[in-house]
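Since we're looking at a predicted model, the values are computed, not measured. Hydrogens, waters and symmetry mates are skipped; everything else that's a heavy atom, side chains included, is used.
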2 protein chains.
Amino acid sequence: MNETVVLTPERILEATEDVLRRFGLAKATVVDVARALDVSHGSVYRHFPSKASLRDAVAKRWLDRANEPLCKLAAASGPAPERLERWLRTMFAIKQKKVCDDPEMFATYLALAQDAREVVEAYKDKQVDLLAKVLSDGVAQGVFAIDDVKATARAVFDATVRYHHPAHAEEWAKPECPSRIEALISLLLKGLEAPRKH
Amino acid sequence: MNETVVLTPERILEATEDVLRRFGLAKATVVDVARALDVSHGSVYRHFPSKASLRDAVAKRWLDRANEPLCKLAAASGPAPERLERWLRTMFAIKQKKVCDDPEMFATYLALAQDAREVVEAYKDKQVDLLAKVLSDGVAQGVFAIDDVKATARAVFDATVRYHHPAHAEEWAKPECPSRIEALISLLLKGLEAPRKH
DNA sequence: GCGCTGACAGATTTCAATATCTGTCAGACG
DNA sequence: CGTCTGACAGATATTGAAATCTGTCAGCGC
């Protein structure tokens with residue numbers, strides 16, 4: 001079965017990710033991808049209409065993989081404040097890990113964030129939705145007092161931009177970073193909390 | 001008196017600012033500055049040891065001018081929450097105005113922020129100090145409950161990064177921006193506020 | 001037929017020669 | 001004397017010609 005290996009979008013994405021990692025976003029070409037797959041570059045265009053769409057698809061896959069732990073956390077149960085804190089810290093950790101371990105892919109993501117809005121916007125919206133889920137759980141539990149959950153989820157996302165937006169990546173390794181994250185999270189939690197009943 | 005106009009650092013800075021505005025950061029050269037002043041470029045190097053130091057000095061002047069209204073606001077009296085909100089909104093407005101009215105200088109500032117840390121770091125520290133001043137006034141007034149004023153001032157500064165850091169400038173013109181600022185500020189104020197005594 | 005190839009036009013990138021700029025300094029000029 | 005000039009070396013930027021890449025498509029081979 002499969003005596004001659006078929007060319008699938010999946011295989012192309014795999015090869016593209018390899019090529020990107022090997023040559024970097026700036027140097028990688030569609031011809032390189034085709035060479036890696038041992039086909040003509042015309043064949044690649046049969047599956048993806050443009051180089052940009054190929055790059056976007058790779059980035060989307062990468063983002064989806066990165067996002068998985070956050071989806072799970074948002075779906076979990078337990079006290080909302082703890083879950084929110086955990087969710088935020090996990091998001092920061094994922095980003096920081098990526099920027100260290102997979103710098104070429106991170107550069108790709110950064111370039112994408114700059115000139116191919118749609119994919120990244122959708123991804124952000126998804127994350128805000130996850131945040132909103134945790135916040136509304138907190139409201140249901142009576143531990144958060146929030147008027148407009150969606151707007152507040154956005155506000156939390158905006159407030160933490162410094163620790164998840166790639167534009168600030170170079171600051172994440174600094175020694176004072178953890179304590180600043182600490183202060184930020186506790187300020188935000190205090191702002192979300194419902195007044196205690198005693 | 002002053003029959004032959006003397007070459008002062010001040011005059012050089014003036015001319016440099018003009019040249020930057022005219023040609024943009026990428027194209028402006030020390031030779032251009034010298035030409036504008038009708039001296040040889042060697043003379044400019046008598047007052048500034050390098051092109052970078054000249055650029056930094058121009059940016060510092062520009063930042064100081066921009067900062068002035070914020071200093072005044074921090075020094076004012078009145079209820080801290082209102083002053084904090086006003087201070088933040090003023091900072092956002094200044095940045096937004098600059099990016100519209102003076103795009104070349106803003107580009108200079110952006111480039112500076114990327115590769116000449118010191119000047120910009122000092123400027124940020126100053127702003128955090130101003131914020132801390134307002135917060136500690138609020139503590140004195142009994143309207144803010146804050147453990148570590150300095151750390152909280154940093155947290156507020158970090159939380160609002162999206163609306164004052166040049167990396168996010170392109171988002172400031174979007175229509176949903178004001179309502180997101182609204183949500184962010186009210187979340188932060190809620191986090192700072194002392195529990196009401198009734 | 002279906003999927004792939006390879007040649008092609010136009011756009012983009014590379015590369016090396018050339019020009020310009022940065023930063024220095026010995027000496028002119030007042 | 002102190003300030004400024006202008007020539008200089010090395011670094012950086014510009015330029016335009018050649019190479020490469022992107023995206024298309026007619027036609028080959030299974």
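Between dG23(D), dC4(D), dC21(C), one nucleotide has an atom nearer to the side chain of Lys51(A) than all others, and that is dG23(D). Ranking dT5(C), dG23(C), dT3(D) by closeness to the Arg46(B) side chain, first place goes to dT3(D).
The CD1 atom of Ile12(B) sits 13 Å away from the P atom of dT3(D) (whole-angstrom rounding). The separation between Lys27(A) atom NZ and dT12(C) atom P is 18 Å, rounded to whole Å. Rounding to whole angstrom units, NE2 of residue His47(A) and P of dC2(C) are separated by 14 Å. Atom OH in Tyr45(B) sits about 19 Å away from atom P in dC8(D), given to the nearest Å. In this structure, His41(B) atom NE2 and dC21(C) atom P are separated by 10 Å, rounded to whole Å. Rounded to a whole Å, the CG atom of Leu7(A) is 17 Å from the P atom of dC2(C). Atom CZ of Arg11(B) is separated from atom P of dC4(D) by 10 Å (rounded to the nearest Å). If you measure from atom CG of Leu25(A) to atom P of dT13(C), you get 12 Å, rounded to the nearest angstrom.
Between Leu25(B) and Ala107(B), the shortest heavy-atom contact is CD2-O, 4.0 Å.
Although no hydrogens or angles enter the test, the distance criterion places a donor-acceptor pair under 3.5 Å between the side chain of Arg83(A) and the main chain of Ala74(A). A side-chain donor-acceptor contact under 3.5 Å links Trp172(B) to the backbone of Arg162(B).
Along DNA chain C, the nucleotide nearest to Ala26(A) and the one nearest to Val39(A) differ in position, and the one closer to the 5' end is contacted by Val39(A).
Contact annotation for Thr29(A): backbone-only contact, meaning every heavy-atom pair under 4.0 Å involves sugar-phosphate atoms and none involves a base.
The side chain of Ser43(A) places no N or O atom within less than 4.0 Å of a non-bridging phosphate oxygen (OP1 or OP2) of dC4(C).
Salt bridge status for Glu104(A) with Lys27(A): absent, with no side-chain N to carboxylate O gap under 4.0 Å.
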